[in-house]
Number of protein chains: 2
Amino acid sequence: MPATPLFRRIDIAPAYQKVADAIEREIINGRIKPGEPIGTEQQLVAQFGVNRSTVREGIRVLEEGGLIRRDSSRRLQACLPRYNKLATRLSRALILHEVTFRELFETSMTLEVASIEGAVERATVENIAELTGNVERSAHVVGNPAELAECDVEFHVLMAKASQNRVLQLAREPAAQLFFPTTEMIVGGVPEGGARLVEAHRHILDAIRRRDKEAGVLWTRRHLQDWRRGFEKIASLDRSVEHTYMEHAYAARQ
Amino acid sequence: MPATPLFRRIDIAPAYQKVADAIEREIINGRIKPGEPIGTEQQLVAQFGVNRSTVREGIRVLEEGGLIRRDSSRRLQACLPRYNKLATRLSRALILHEVTFRELFETSMTLEVASIEGAVERATVENIAELTGNVERSAHVVGNPAELAECDVEFHVLMAKASQNRVLQLAREPAAQLFFPTTEMIVGGVPEGGARLVEAHRHILDAIRRRDKEAGVLWTRRHLQDWRRGFEKIASLDRSVEHTYMEHAYAARQ
DNA sequence: AAACCTAGCTTTGTCGGACAAACCGATAAG
DNA sequence: CTTATCGGTTTGTCCGACAAAGCTAGGTTT
């Protein structure tokens, strides 16, 4: 072989990948806007000059990446990747990496505190109305662990939304997806747990209303510490997020 | 329509999706461990009783999701989803949602501070050695914005790694991928910017060594504020992460 | 015997064509 | 004006095929 390479490595990406990349580029740089149609498979076949099987493999890649979706009639269109869907992938990754609840807890504490700080500063009247509705609903289902846990998840999503920071909303999602489902187990297992949860939410909401950052942070920390105490009654923080639990969360999501 | 639904919605997932789900289940619940082979396409065809095209579409889905990959000889095997790859998707999503640099900055500040706190508490000698090597390298390339920016990215990745918190590592990645590439522009545009950056890294590393959390946080904040000041000289924080910039980051990633 | 080479088998990536089911649009019937 | 029907499209799936690249095993060379 030559001492100095004459040619650089030729990029031989498979055709389906090139198809996916080409469409992705058009969406990312805005030539195709979310909601706009991509065209039928047949049209893509004609444009790219490859076989339909190849086009379809490329489509699957983009679909999984959340860049395109099929509307009601299964036609292809660009779309905004849902945080939620992507976060699910990340949650899965966290499980496979066998992270511990301690890691989840520590990071969630950071992110939820950041959320409440943003929410106190920037929550709109709509945000507050949504949160109010949520708290009222929580109060009604305080005796039902499953429904209450669902309300809890929603409360924290709304809080992040109220922070008006979409990066934060996204960053907290993967951890939250793994962290909060345990709430059901805890609320179900600890008497008075439900009431304490609703009370904490109430105080947090109140702090947002009064734009009282200190109180908001205080109650958010307290709320999470409550979770932690409850969790430690049923499991160790240093155990990895078990496959068994994972299956629970996974099944619930479907 | 009947008052009470007699039948529940029939689940008619396309075959390729079922193939993907079936393989995903095996990986998630640990029956196939990362690194283990999935089998050839032909074997999957035989096992699932569907056509190879269908199997291949299912494979593409999992591949994109990061659950399987092809090894050197293109055989299929399960794998641990790389944060990095998933984070790339998320970064893309952030761009499409037209987040602003202010949102990025705010969230990064939160996450980097959390990183340094964890790093000060739990950095191992290996972590410190890696960081030391990085800082030394930075000092050598202080005059080269591109290389220095690369060192900066690595420094913060290593810092997150030193926190021993994988959830945090993951959570900071999407924002960091969008946030740090601007470093090159800033260092290139602001005289003394490079020197200040290296100095900050040095102080941060020193704080980790001395387990001095307060100093670590202080210098991390200062470091990020420096970025912010530099950035505001060339653009507004409230402008969305422009498509043009996005293309820059995107091209660099390839 | 160890290293090398070559022919054959396997696997992937791609292609062309095919067909049933679902969907759309428009027209015909009530 | 609503309902029913009927092509034309589009998707999901299947079948069969082939070139290129990798792997395997056997034979060859040193």
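Each chain gets a letter, A, B and so on, in the order the sequences are listed, and its residues count up from 1.
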Figure out the [atom1]/[atom2] separation between [X] and [N], and round it to whole Å.
| X | N | atom1 | atom2 | value |
| --- | --- | --- | --- | --- |
| B:R60 | D:dG12 | CZ | P | 17 Å |
| B:Y16 | D:dT13 | OH | C1' | 12 Å |
| B:D71 | D:dA21 | CG | C1' | 13 Å |
| B:L44 | C:dT11 | CG | C1' | 12 Å |
| B:E57 | C:dG13 | CD | P | 14 Å |
| B:E41 | D:dG22 | CD | P | 16 Å |
| B:Q42 | C:dT11 | CD | C1' | 9 Å |

Ion pair [X]/[Y], N-O distance below 4.0 Å:
| X | Y | result |
| --- | --- | --- |
| B:E64 | A:R60 | no |
| B:R122 | A:E106 | yes |
| A:E63 | A:R69 | no |

Choose from [options] the nucleotide whose nearest atom is closest to any side-chain atom of [X].
| X | options | value |
| --- | --- | --- |
| B:R74 | D:dT13, D:dA21, D:dT10 | D:dA21 |
| A:P14 | D:dT11, C:dG13, D:dT13 | C:dG13 |
| B:T54 | D:dC23, D:dC14, C:dC15 | D:dC14 |

### Message
Between B:H156 and B:D152, is there a side-chain heavy-atom distance shorter than 4.5 Å?
### Response
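Counting from C-beta outward, B:D152 and B:H156 do come under 4.5 Å.
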
### Query
Does A:Q169 reach the side chain of A:K161, with side-chain heavy atoms less than 4.5 Å apart?
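Side-chain contact under 4.5 Å: yes.
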
### Task
Applying side-chain hydrogen bond (donor to acceptor under 3.5 Å, both in side chains), run through A:T124 and A:N127 and close with a yes or a no.
CA-CA 5 Å; A:T124 65; A:N127 294 143; 3.0 Å; yes

### Message
To the closest 0.5 Å, what do you measure between CZ (B:F48) and OG1 (B:T54)?
### Response
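Reported value, rounded in 0.5 Å steps: 11.5 Å.
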
### Task
Using the closest heavy atom to pick a nucleotide of DNA chain C for each, name whichever of A:Q17 or B:Q43 lands nearer the 5' end.
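Counting from the 5' end, the first nearest nucleotide belongs to B:Q43.
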
### Task
Scan B:R56 against the nucleic acid and name what it touches under 4.0 Å (heavy atoms): base, sugar-phosphate only, or nothing.
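If one applies the 4.0 Å heavy-atom cut-off, B:R56 turns out to touch a base.
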
### Sorted by number, the residues of residues 45-53 of chain A with heavy-atom contact under 4.0 Å to DNA chain D
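Heavy-atom contacts with DNA chain D come from A:R52.
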
### Query
Distance check: side-chain N/O of A:R75 vs OP1/OP2 of C:dC23, anything under 4.0 Å?
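Indeed not, no polar side-chain atom of A:R75 lies that close.
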
